[in-house]
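Start at 1 and go down the list; that is how both ligands and their atoms are numbered.
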Amino acid sequence: RPGEPPLDLGNIPWLGHALEFGRDSASFLTRMKEKHGDIFTVLVKGRYVTVLLDPHSYDTVTWESRTKLDFHGYAVILMEKIFNVRLPHYDPSDEKAKMKLTLQHRDLQALTDAMYSNLRTVLLGEPAEAAGDWHKTGLFEFSYSALLRAGFLTLYGVEASPGTPESQAQDRTHSAEVFHTFRQLDLLFPKLARGSLSAGEKDSACSVRGRLWKLLSPASLAPRALRSSWLQSYLAHLEELGVSPEMQARALVLQLWATQGNMGPAAFWLLVFLLKNPEALAAVCEELERILLQTEQPVSPMGALPQKALDNTPVLDSVLSESLRLTAAPFITRDVVVDMALPLADGREFALRRGDRLLLFPFLSPQRDPEIYTDPEVFKYNRFLNPDGSEKRDFYKGGKRLKNYNMPWGAGHNQCLGKSYAIYSIKQFVFLMLTHFDLELVSTDEEIPKFDLSRYGFGLMQPEHDVAVQYRVRP
Ligand code: HEM
């Protein structure tokens, strides 16, 4: 219809562009952008998806009211399809308001302290590790495992409080089982989301899900100590909704994915970029040393990291923003609820049709946009630093300053609730790795791995293959 964005149906009836879109969304959307500009509509499996790639206009979408652009419909479909979760009278806004309290304001400090203690249990507690021998491992597996296991213990509780060497050993074993089981589901995740599992894979997905439901059932979590207020409040919320214990277990597995699926991969990319960029690594180490010297209390290996140290790391912050710029690729989607006009920042206006879906893909723009970032494919550790060492926040497109220049955490109504906790956790992990470990690539020729292309849209990208490293706890 006149006034609507350019429409591209592809060559296959009904399926439209589904195959190319599923295979490598970034390449497909880049091709469409070159053909149509920064707004167009494509047919994907019978659905019309309008893609908007102008970051100056993103706020219009991300802050639009739910009565026009709904951000829950798609999430509910994924919840059912992947995690078999169906909640009666489910109101995501209500759930979010509760989580905000326990992840952001009131309890952030308690979470951060617990995370540091659990990271130390997982990373430094193993007697075999303490001996100072070199170990070979895949860095992706290592980082993902460390952060997920510590994150699980932080949110879902530990064996005993106060911890003993025996209870901590149990924490390591139990959390390793959770990680290995979770990882099997995580590997099937893109196919689960697209409904393209083979019969054999369907069976494995079912059995892995079943094992996770057992591991995270309310009954098996009940005796755990130091359960986070996030968990307590979420369980109380499910009880209020009248959700059965079986369905509660499923919801807890879904939450394990939502809270732990991105931190490990983010930490992995950060470490890979540091290992491949000696100048960046030296700058981060120098900053850590300087900050530790400046803190009033001495930092003991067993004590918490002073908050001041976590809050004053502009170089590490820039490294984290730059790694996320290059590797965070979530889709931001909205269902169009009513026929409506979408005004863009440059004055153009497009008609959107009820029943269609709207998609933003910040990975292409702003994050990899050559108009905003010079050499957008290249890791530059100081990209988010001003010459005076403060955080750089001014980035431009079309001569106009951008509000959204890096969007790993989403934006607007569905911005990540765990952002601060995740940033602190990743920094703690990097701090422990750099202060307590010798870590090196097994081969200096190792290239930064390519992406597993099936992961576009789901958050952090994962590598196509792991990176071999060797490490030892410093004697
Ligand atoms: C590097 C780590 C992380 C990244 C890059 C990340 C990114 C995101 C993104 C892009 C969204 C929006 C998803 C959407 O479009 O609906 C989101 C939502 C969310 N994240 Fe994170 N996240 C991270 C870690 C965490 C952690 C550690 C927690 C909690 C402990 C957490 C809790 C949540 C919650 C509760 C939501 C809301 C889901 C909703 O919209 O209903 N995230 N995150």
Nearest option to [atom], as decided by whichever heavy atom of [options] sits closest:
| atom | options | value |
| --- | --- | --- |
| atom 10 (C) of ligand 1 | Ser420, Gly151, Pro408, Gly418 | Pro408 |
| atom 19 (C) of ligand 1 | Gly410, Ala328, Cys416 | Cys416 |
| atom 29 (C) of ligand 1 | Leu324, Thr259, Leu111 | Thr259 |
| atom 16 (O) of ligand 1 | Leu417, Asn262, Asn414 | Asn414 |

Is Lys392 close enough and on-axis enough to Phe395, meaning under 6.0 Å and within 45°, for cation-pi? yes
Could you tell me whether the side chain of [X] and the main chain of [Y] form a donor-acceptor pair under 3.5 Å?
| X | Y | result |
| --- | --- | --- |
| Thr102 | Met99 | yes |
| Thr30 | Ala26 | yes |
| Asn277 | Phe273 | yes |
| Gln367 | Arg325 | yes |

Looking at ligand 1, does Leu460 have a heavy atom less than 4.0 Å from it? yes
How far is atom 24 (C) of ligand 1 from the closest protein heavy atom, and which atom is that?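 Going atom by atom, the protein heavy atom closest to atom 24 (C) of ligand 1 ends up being Ala422 CB, 3.8 Å.
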Can you tell me which residue and heavy atom of the protein come closest to atom 4 (C) of ligand 1, and the distance to 0.1 Å? Trp409 CZ3, 3.4 Å
Numbering the atoms of ligand 1 from 1, which are under 4.0 Å from a heavy atom of Met99?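 So the answer, numbered in order with elements, is 35 (C).
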Show me which atoms of ligand 1 lie under 4.0 Å from any heavy atom of Ala266. 1 (C)
Less than 4.5 Å apart, any side-chain heavy atom of Phe83 and any of Trp257? yes
Where do Tyr144 and Arg183 land on the side chain to side chain contact (heavy atoms under 4.5 Å, CB included) test, with the steps shown first? CA-CA 9 Å; Tyr144 206 170; Arg183 182 72 182 126; 3.8 Å; yes
Stepwise, does the side chain to side chain contact (heavy atoms under 4.5 Å, CB included) test hold for Thr41 with His36? CA-CA 9 Å; Thr41 301; His36 299 294; over 6 Å; no
Ligand 1 versus [X]: contacting region, heavy-atom distance under 4.0 Å:
| X | value |
| --- | --- |
| Tyr421 | side chain |
| Thr333 | neither |
| Gln260 | neither |

Look at the aromatic rings of Phe142 and Phe437 and report parallel, tilted or perpendicular, splitting at 30° and 60°. perpendicular
N/O to N/O below 3.5 Å, does that happen between Lys96 and ligand 1?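 N/O-N/O distance under 3.5 Å: yes.
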